[in-house]
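Below is one structure; the comments refer to it alone.
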There are 2 protein chains.
Amino acid sequence: MRIGELSRRTGVSERALRYYEEQGLLRPQRRPSGYRVYGDADVAAVRRIRVLLAAGLTLAQIVAALPCMVDDDGLLLPSCPELVDELVKHRDRIGEAIGELEATRANLDTIIAAERRAG
Amino acid sequence: MRIGELSRRTGVSERALRYYEEQGLLRPQRRPSGYRVYGDADVAAVRRIRVLLAAGLTLAQIVAALPCMVDDDGLLLPSCPELVDELVKHRDRIGEAIGELEATRANLDTIIAAERRAG
DNA sequence: CTTGACTCTGACGTCAACGTGAAGGTTTAG
DNA sequence: CTAAACCTTCACGTTGACGTCAGAGTCAAG
């Protein structure tokens, strides 16, 4: 398929898809005219990219992560354990932040209750 | 203390500290010379800012959240004592932020589990 | 009273992750 | 055959969270 169809099938803008290629995340084939040609695997690849972005990773980190996330298109690299480490750390930081926010919300609830009693 | 010491004590650059002030997150006193003067409470405030930033919140969101994060250190801004309605809105926004972070973390958990199976 | 560390205010630079638009070539539906 | 739809590269714009000077004022110590 060409870039327009991939865009529709993934919900990712054409501009973003070209940008992902520029960053080394996608490597579509080319027609003599220069048109990019994608395969079905690229649909899955784009979705993985999106999931990782949604998880707060940067494209640079994703470039490093993709070889580890193979379903069939390559080999596991030694960078994998490090990657898992990074992901776990990232998750833990998010967990801390959630804890902070929950404490904040509890504080806020106390204040609201106090003000209701006072007012 | 002045900005240099706050920077050392928090590990946050002086530029960042001035930026936080510019964005309304810090309100240090000033000497006649213009030098910023911070208190111990600001050390805690900066750490909270960093935790929230690490969680992926923007400074704008943090600006909205900080007034509600009272520990008793005088960080109350006019919006807080004002209306319980405001506080409830703030609390709900915090709740939304928690929800987003939890979704992000769930994403990460899925990825981590998948990679562990693969590796 | 001068040195050297510290601080101030601009103001431009950067990086990420795209968006937007120009100027023009290609493919396809009717 | 033509117009729409799609494609190309080039290149500047945007937002967020700062970095990095420049040029000038401030302050504690010798």
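Quick note on labels: first sequence line is chain A, next is B, and so on, each numbered from 1.
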Can you check salt bridge (Lys or Arg N to Asp or Glu O under 4.0 Å) on B:Arg9 and B:Asp40, steps first, answer last? CA-CA 10 Å; B:Arg9 284 174 63 174; B:Asp40 286 344; 3.5 Å; yes

Taking atom CD of B:Glu22 as the centre, does the number of heavy atoms from other residues, nucleotides or ligands within less than 6.0 Å exceed 12? yes

Rounded interatomic separation in angstrom, taking CD1 from B:Ile3 and P from D:dC18: 13 Å

So do B:Leu26 and B:Arg36 actually touch side chain to side chain, heavy atoms under 4.5 Å? no

5′-ward residue of the pair B:Leu53/B:Arg2 relative to DNA chain D: B:Leu53

Roughly, in whole Å, what's the span from CD in B:Glu21 to C1' in C:dC8? 11 Å

side-chain contact (heavy atoms from CB on, under 4.5 Å) test vs A:Leu17 passes for just one of A:Asp42, A:Ile49, A:Leu6, namely A:Leu6

Rounded to the nearest angstrom, tell me the gap between atom CZ in B:Arg31 and atom P in D:dT26. 12 Å

Side chain of A:Glu5, backbone of A:Arg2: donor and acceptor closer than 3.5 Å? no

Assuming nearest nucleotide by heavy-atom distance, tell me which of B:Glu5 and B:Arg15 is located more 5' along DNA chain C. B:Glu5

Regarding A:Arg50, tell me which of base, sugar-phosphate or nothing describes its non-hydrogen contacts under 4.0 Å with the strands shown. sugar-phosphate

Given the structure, check if the side chain of B:Tyr19 and the base of D:dG16 hold any donor-acceptor pair shorter than 3.5 Å. no

Report yes or no: is there a donor-acceptor pair, N or O only, under 3.5 Å between the side chain of B:Tyr35 and the base of C:dT7? no

Tell me whether the OP1 or OP2 atom of C:dT7 has a side-chain N or O from B:Arg36 closer than 4.0 Å. no

Establish, with yes or no, whether the OP1 or OP2 oxygen of D:dT8 is under 4.0 angstrom from a side-chain nitrogen or oxygen of A:Arg18. yes

Provide, to the nearest angstrom, the distance between the CG atom belonging to B:Leu17 and the C1' atom belonging to C:dT9. 16 Å

Whole Å only: how far is the CG atom of B:Leu6 from the P atom of C:dC8? 11 Å

Measuring to OP1 and OP2 of C:dT9, would you say a side-chain N or O of B:Arg30 lies under 4.0 angstrom away? yes

Regarding B:Glu14, tell me which of base, sugar-phosphate or nothing describes its non-hydrogen contacts under 4.0 Å with the strands shown. sugar-phosphate

Without decimals, in angstroms, what is the distance between A:Ile62 CD1 and C:dC18 C1'? 13 Å

Atom CD of A:Glu22 and atom P of D:dA11: how far apart are they, to the nearest Å? 13 Å

B:Tyr20 vs D:dC18: side-chain N/O to OP1/OP2 distance below 4.0 Å: yes

Ignoring backbone atoms, establish whether B:Ser33 has a side-chain N or O less than 4.0 Å from OP1 or OP2 of D:dC27. yes

